[in-house]
Amino acid sequence: MTDVAEGSATDVDRSQRAAGARGHVPGDSSMWFFVIGDLLIFGVYFVGYMYFRGQHHELFLKSQARLNLDIGAINTVMLLTSSLFVVLGTEAARAGNRAAALQRFWIALAFGAAFPLLKMFEWIPEISAGVTPGKNLFFMYYYVMTGMHLCHVALGLVIMCFILRNLKTSKAPKISFVETGATYWHMVDVLWLVLFALLYLMR
Amino acid sequence: MTALIRNPLTIVWALLTTVTIVSSLIALDGGAAHQINTTVTTAVLLIAAVKAQLVISHFMEVRRAPVWLKATTSGWVIVLFALLLGFYFAGL
Amino acid sequence: MAELPKAPAPSAGQATSWRRNRKLDQWIAFWSVPFFFNLFGLVFVPLSWMMPPRSPSSSTPHIVGFMHSHNLLIACVILTLAYGLAPVSNACYLMQVKRMSVSPAFRYSMMIGAITGAIVGMLFPMFCFGLGAFRPGYSPSVLTMLYDFGYLAFIGSLGCFCVMWMAFGLAIILDENNILPKWLGYYTIWQYVTELMAAPVWIAKSGPFAWNGLMTFWFAMMLYVSWQFIVYLCIYKAIKNQPEAELDNAPPEPHPGALEITSKTSA
Amino acid sequence: MNTRGQRILLWTAPPAVALFVLAYLVFPVFSPPLSPTLTPDQVAAFFRGNVTGILGVAILGNLIACSLVPLFAVTAVQISRAATSSTVLTYAYIICVGVGTTAFILADYCWGMAAFRPDRDPQLISLLNDMAWFFFIAPVGTIMVQNLCFALSVYLDERPEPIFPRWVAHFNVATIALLAPSAFSILYKSGPLAWNGPLSFTLRLTTFAVYIAVMFWALLRAVNHQGDDRVVLA
């Protein structure tokens, strides 16, 4: 990790100044239609969760006790770190430093790929202990929302592979594509931050 | 290396990670009994709102985007968390 | 079909009456869709009260009473007569996908999804309700099964539509002819991914995730209907903006090349 | 550039196959396959004891039921490229895929229904289970015709450089013969032709798995060789 940092730290500063122009929509503006739509949909789910939680406080609190807070917290850090390297990689790509961008996106991909793996370590013991979506409303919400989020993560990992390919093979990497993919990945991150607070942390 | 540490993005990341750990500790400490605890919930949700806003403005680079986008995303964060807290307290 | 004369006659000077409209076939297909959806809604809501869905946990006498209602059989007859119109909307969309610069594989995926979806999402659940109403002597447990099966197949059919809309969304995003706006492609993908949230109807028997629940039915329906409206409007614009020279029945003189390419895949 | 769409659709097949394999491995009904000789009470007891597993796979199956459709759609495109007089085989192929997939989805629904409320009358659980097996194992007619259409298009292809090697067509004809026995599962409750027998169950699923792998390879090769062959593609 240190090599990456040393090799390209100066580029980061330069690219930040270059991209400092105000009023720039990162990535394909059609993609923002998707992002805002997705934020709204998840928003409805979050509020729905809170409403039904208000009806069954005891059940939700008791069920929450069975979640694995450690894996949840580690996964949050994984996604945050992955997001950091995505944004650093985007800056490097923008500055034309392809080697640094590639390295950073590889690291981002590794941290991102750890998320579904850890999720399995969380889900499989729970399911085999009989904690399934049909158990109660809390677990239905838990599996539907984290499952939905996991689909987004999987899609994001695929997009990240395409970004890597774009950076690696094409003569002039399409910066707008890199930004579009990065925007999507950060949205996945934002959704998880809210999910983490709602499912694992609040009382 | 030092340049990367001084990079504002890395500082944002460090902040995000720290508050993640802090909010986990709040939940572990104050919420260990798994009973309704408005202090824990309020703290945790407000931290999550700040985190979401930080990721949106710094990682998604919305802080350099046009005003409509800033307004929409920040509006989402504010309205969402207002509704969440509102429904939480209404359901007590 | 009373809406038909309203079909606009685009620019072409010689098209004075609707009969001479060069795109008449497409407009007929297009206007059959609201006709069908209105009929669909009338049969489901005020005629049979199948929709909004009844609760999966209603008591057996309630279910038996509902399954024996005569209006169910009439609803079944009307839909059996009309369900052939369901694929027409998809055919209408397919014509626009055909104009895109993408591989026909996307169209074929949509066709397969439409074939499958019309049967598992429409004919089959309808017959479940119809079978229950057909012979009053069935035991309550049989009627409950048909009731469950009808609602689950109707609301819980996901995979076939998923592949169909995935192909549609991807085709829009990859298209280089700009037949439909790019954001519609993203919207479509977002829409169908959200629809997957309806999967819990196969588990939950009450609450927001049951087949009559707030999340899986009302919210999903709201998203779906608004999306369908927007797609429909975009298709309207696409048909309207299609240049006359590109049509299969365009006069052969001006663009022989264009004709050759389009007729290659027409069938 | 022209074949980008086909390549994207083609590469959705490996993850789809992975999910199908996962569903197969964790589906309690398949390990070992339920015997047709079980009494309704035994079947009902089995479903009551395995609700989570059956429901989980039925839902997964519902979601991924059509995920191999893109692979078949690409096959249809390649059939239409063959130098024959018309695209009749393409359309026959597409309709066959649509109908065949319908049968698979209905099988999935029947299993899902049986596990949705496993406490209903055992006779009904048994009926649903039988129905699922009928839909799952017996209707091989469409996939047989489907493969026949494909084989014919390869045999009749008049191109100087054929799209597919001839042995792929021979292989498709062979799968027709290997899949045919499953239709007889309706006649037997035990023995090799019963729905859990080696001919109807093991042979059928193995053939299908090998068929998907071979077709994926052959299609990948065909699409990569297609190049700028756009006139026929359009």
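First the proteins, then the strands, lettered A, B, ... as listed; each starts at 1.
- Proximity to chain D is absent for every atom of M164(C), based on heavy atoms less than 4.5 angstrom apart.
- Between chain C and the residues V99(D), L10(D), I105(D), I8(D), the most heavy-atom pairs under 4.5 angstrom are made by I105(D).
- Considering only heavy-atom pairs separated by less than 4.5 Å from chain D, the leading option among G113(C), S157(C), P200(C), A171(C) is S157(C).
- Contact count versus chain C (heavy atoms, under 4.5 Å) is highest, among L128(D), L127(D), D108(D), T12(D), for L128(D).
- For T90(D), the part lying near chain C is the side chain, with the backbone staying farther off; criterion is any non-hydrogen pair under 4.5 Å.
- Side-chain atoms of Y147(C) and S58(C) include a donor-acceptor pair closer than 3.5 Å.
- Remark: R54(C) is positioned above the aromatic ring of F66(C), its terminal NZ or CZ atom under 6.0 angstrom from the ring centre and at most 45 degrees off the axis.
- Ring geometry for Y211(D) versus F208(D): interplanar angle of 30 to 60°, hence tilted.
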side-chain contact (heavy atoms from CB on, under 4.5 Å) between M145(C) and M113(D), worked out: CA-CA 8 Å; M145(C) 180 189 85; M113(D) 265 299 291; 3.9 Å; yes

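- Between Q6(D) and T3(D), the side chains place no donor N or O within less than 3.5 Å of an acceptor N or O (distance only, hydrogens not considered).
- In this structure, the portions of L63(D) lying under 4.5 Å from any heavy atom of chain C include both its backbone and its side chain.
- Residue with the most contacts toward chain D among V201(C), L170(C), L152(C), T144(C): L152(C) (heavy-atom pairs, distance under 4.5 Å).
- With a 4.5 Å cut-off on non-hydrogen atoms, F124(C) touches chain D through its side chain but not through its backbone.
- In this model, no donor atom of one side chain and acceptor atom of the other lie less than 3.5 Å apart for Y187(C) and Q191(C).
- With a 4.5 angstrom heavy-atom cutoff, L9(D) touches chain C only via side-chain atoms.
- Looking at A204(C), only its backbone comes within 4.5 Å of chain D, counting heavy atoms on both sides.
- In terms of heavy atoms, I172(C) sits closest to G185(C) at CG2-N, 3.7 Å.
- Per-residue counts of heavy-atom pairs under 4.5 Å with chain C were compared for L106(D), V74(D), V51(D); the largest is that of L106(D).
- Judged by distance alone, with hydrogens and angles left aside, the side-chain atoms of R204(D) form a donor-acceptor pair with the main-chain N or O of I137(D) at under 3.5 Å.
- Ring planes of F30(D) and W111(D): perpendicular class, angle over 60° (limits at 30 and 60°).
- In terms of heavy-atom pairs under 4.5 angstrom with chain D, the leader among G156(C), C162(C), A167(C) is G156(C).
- Listed options T116(C), V163(C), I115(C) were ranked by heavy-atom pairs under 4.5 angstrom with chain D; first place goes to T116(C).
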